[in-house]
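To start, the structure under review is shown below, and the notes come after it.
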Amino acid sequence: MSQQMHLTQLGWSGFFQQQLSLEQWQQGTLARVSAVHRSIIEVITADFKPLSLPILSNMTDLTVGDWILCDDQGHLLDVLQRFSLFSRKAAGNKAQLQLIAANIDTVFIVCALNNNFNLSRIERYLALAKEAAVEPVVVLSKADLCQDIEHALAQVAALDPMLMVVALNCLDEQSKSVLQPWCKPGKTVAVLGSSGVGKSSLINTLLGHEQLLTGNAREQDSRGRHTTTGRTLHLMADGGLLLDTPGMRELQLSDCEQGVEATFADVTSLVEQCRFSDCHHQTEPGCAVQAALADGTLSARRFNNYQKLLKEQAHNSATLAQRRQREKQLHRGYRSIINAAQQRKKGG
């Protein structure tokens, strides 16, 4: 099999091909990032051999799914432009952006059909996927434990008439055939979902072997234990690529306004119909949102979540921008101190 065919299996396409000169193509080694650790980056080359690169202080931020060009000694030469990128505000109080995954074609948003079933959480993941311009597929897991699957499917489908939704048992081998349309050779699928929804079980089923540890959910609240600790890229037997992400208890949105607006297209359409452009959607006359809430065509839960996610992403975006500005000011301050010290030394 040629190098080109091997690369295609790893997700290579014309989008990346056009970014390279003939000299780069002939002299460099192409590889895809399969895992990022604290001090090293693991990559897979065209011959499917693993390679490790040290993380250096001056190295650009990389994430799983990135395509890179390196030399024969494993030194990073270039990072190719991404066609999609998942990111979020780092968990906790840190004002920094955390890269999740790059160059993803489809994301499986896994939600369990138990006490963990939450439409607002699904909307949060949908906003993340739409901001990244990645096709979302909602996978309702633990269907064998649900008494009314059709009702759950209808609830999720009502969020977006174009949204693909499937219900399955992650431990059932039939899951492979249900999800096969998105797992074709050369396509990269990411799996997102909170802890305990069956992500690891689904990944093990799709891979055909016990790649990941699995942990049972706590019966009292259907919450799971973290069983995956890092994002990793796996090659499926049928040729597709599968990217796992750890369970995210805190998925904060940032720079995600377009994703939120796209996820709540029905709400944004109502907002545009309000009599006043600065309508707060409370007691103003001619408010289309309040009219829809009153006649039941818009649920209070959905509208409240829309407002919540918009405010959250705006706050986090502003926080990140403020931190970047402070860092620039500090850098300029350090440079002026160093320059002044050098001038004094020269004068002495």
Minimal heavy-atom distance between V33 and I41, with the atoms involved, is CG1-CG2, 3.7 Å
Taking I40 as the starting point, is it possible to reach L56 by hopping between hydrophobic residues whose side chains are less than 4.5 Å apart? no
Spell out, yes or no, whether F276 and L270 are grouped together once hydrophobic residues are joined by side-chain heavy atoms under 4.5 Å, including indirect joins. no
Quick one: CD on E272 to OG1 on T268, what's the gap to the nearest 0.5 Å? 5.5 Å
Does the side chain of E135 reach to within under 4.5 Å of the side chain of W182, using non-hydrogen atoms? yes
I would like to know whether Q24 and L69 meet side-chain contact (heavy atoms from CB on, under 4.5 Å); could you show each step before the answer? CA-CA 8 Å; Q24 288 176 309; L69 190 69; 3.9 Å; yes
Counterpart residues, side chain to side chain contact (heavy atoms under 4.5 Å, CB included), relative to A102 (two or more places apart): T63, D66, R82, L85
N/O donor-acceptor pair under 3.5 Å between T263 side chain and G259 backbone: yes
For C256, is there any backbone N or O sitting under 3.5 Å from a side-chain donor or acceptor partner on Q313? yes
Are L206 and V178 joined in one hydrophobic group, where the rule is that I, L, V, M, F, W and Y side chains link up if heavy atoms are under 4.5 Å apart? yes
Minimum-distance pair of heavy atoms, taken over all atoms of C183 and M236: CB-CE, 3.6 Å
Report the distance from atom CZ of F16 to atom CG of L30, rounding to the nearest 0.5 Å. 10.5 Å
Given side chains that start at C-beta, do those of I122 and V138 come closer than 4.5 Å, heavy atoms only? yes
Are F15 and L7 linked, directly or through intermediate hydrophobic residues, by side-chain heavy-atom contacts shorter than 4.5 Å (ILVMFWY only)? yes
Does a side-chain N-to-carboxylate-O contact under 4.0 Å join R124 and E312? yes
Which residues pass the side chain to side chain contact (heavy atoms under 4.5 Å, CB included) test with Q282, not counting sequence neighbours? H280, E284
Check the surroundings of atom NE2 in H151: do more than 12 heavy atoms from other residues, nucleotides or ligands lie under 6.0 Å from it? no
For T283, side chain to side chain donor-acceptor pair (under 3.5 Å) partners two or more places apart: none
Where do G65 and N103 come nearest, in terms of heavy atoms and distance? O-ND2, 3.0 Å
I would like to know whether E42 and R32 meet salt bridge (charged side-chain N to carboxylate O under 4.0 Å, His left out); could you show each step before the answer? CA-CA 9 Å; E42 294 181 16; R32 195 166 188 196; over 6 Å; no
Test side-chain contact (heavy atoms from CB on, under 4.5 Å) applied to V110 and L202, step by step: CA-CA 9 Å; V110 186; L202 177 62; 4.1 Å; yes
Do N116 side-chain atoms and A112 backbone N/O form a donor-acceptor pair below 3.5 Å? no
How long is the span from the CG atom in L51 to the SG atom in C70, to the nearest 0.5 Å? 5.5 Å
Nearest atoms (heavy-atom pairs only) where T205 meets K176: O-CE, 2.6 Å
Sorted by chain and residue number, the side chain to side chain donor-acceptor pair (under 3.5 Å) partners of D105 (sequence neighbours excluded) come out as none
Drop me the distance from N305's CG to E123's CD, to the nearest 0.5 angstrom. 4.5 Å
pair L242-I203: side-chain heavy atoms closer than 4.5 Å: yes
Residues 154-172 side chain polar contacts: donor-acceptor under 3.5 Å, at least two apart:
residue : atom : partner : partner atom : Å
D160    : OD1  : M162    : N            : 2.9
D160    : OD2  : K130    : NZ           : 3.4
N169    : OD1  : L171    : N            : 3.1
D172    : OD1  : Q174    : N            : 2.9

List in chain and number order the residues that pass ring-ring contact (aromatic ring centres under 6.0 Å, His included) with F108, two or more places apart in sequence or in another chain; answer none if no residue qualifies. none
Applying side-chain contact (heavy atoms from CB on, under 4.5 Å) to V271 and Y306, what does each step give before you reach the verdict? CA-CA 11 Å; V271 169; Y306 163 75; 4.3 Å; yes
Quick one, K187 and L241 - any side-chain contact, counting heavy atoms below 4.5 Å? no
Establish, from distance only, whether the side-chain atoms of T232 and H234 form a donor-acceptor pair under 3.5 Å. yes
Can you label the angle between the F303 ring and the H281 ring as parallel, tilted or perpendicular, going by 30° and 60°? perpendicular
Distance in Å, Q258 CD paired with E131 CD, rounded so as to fall on 0.5 Å steps: 5.5 Å
Search all heavy atoms of A143 against all heavy atoms of L113 and return the closest pair with its distance. CA-CD1, 3.8 Å
Within-4.5 Å side-chain heavy-atom neighbours: V289 and L298: yes
Between I104 and F83, is there a side-chain heavy-atom distance shorter than 4.5 Å? no
Check this for me: K308, atom NZ, are more than 12 non-hydrogen atoms of other residues, nucleotides or ligands nearer than 6.0 Å? no
Could you go through the side-chain contact (heavy atoms from CB on, under 4.5 Å) check for S87 and L99 one step at a time? CA-CA 4 Å; S87 63; L99 304 184; 4.2 Å; yes
For residues V79 and L62, determine if any side-chain heavy atom of one lies less than 4.5 Å from a side-chain heavy atom of the other. yes
Nearest heavy-atom pair of D78 and L76: which atoms, and what distance? O-CD1, 3.6 Å
For the residue pair L10 and I44, establish whether any side-chain heavy-atom pair is separated by less than 4.5 Å. yes
From CG (N118) to OG (S194), nearest 0.5 Å: 8.5 Å
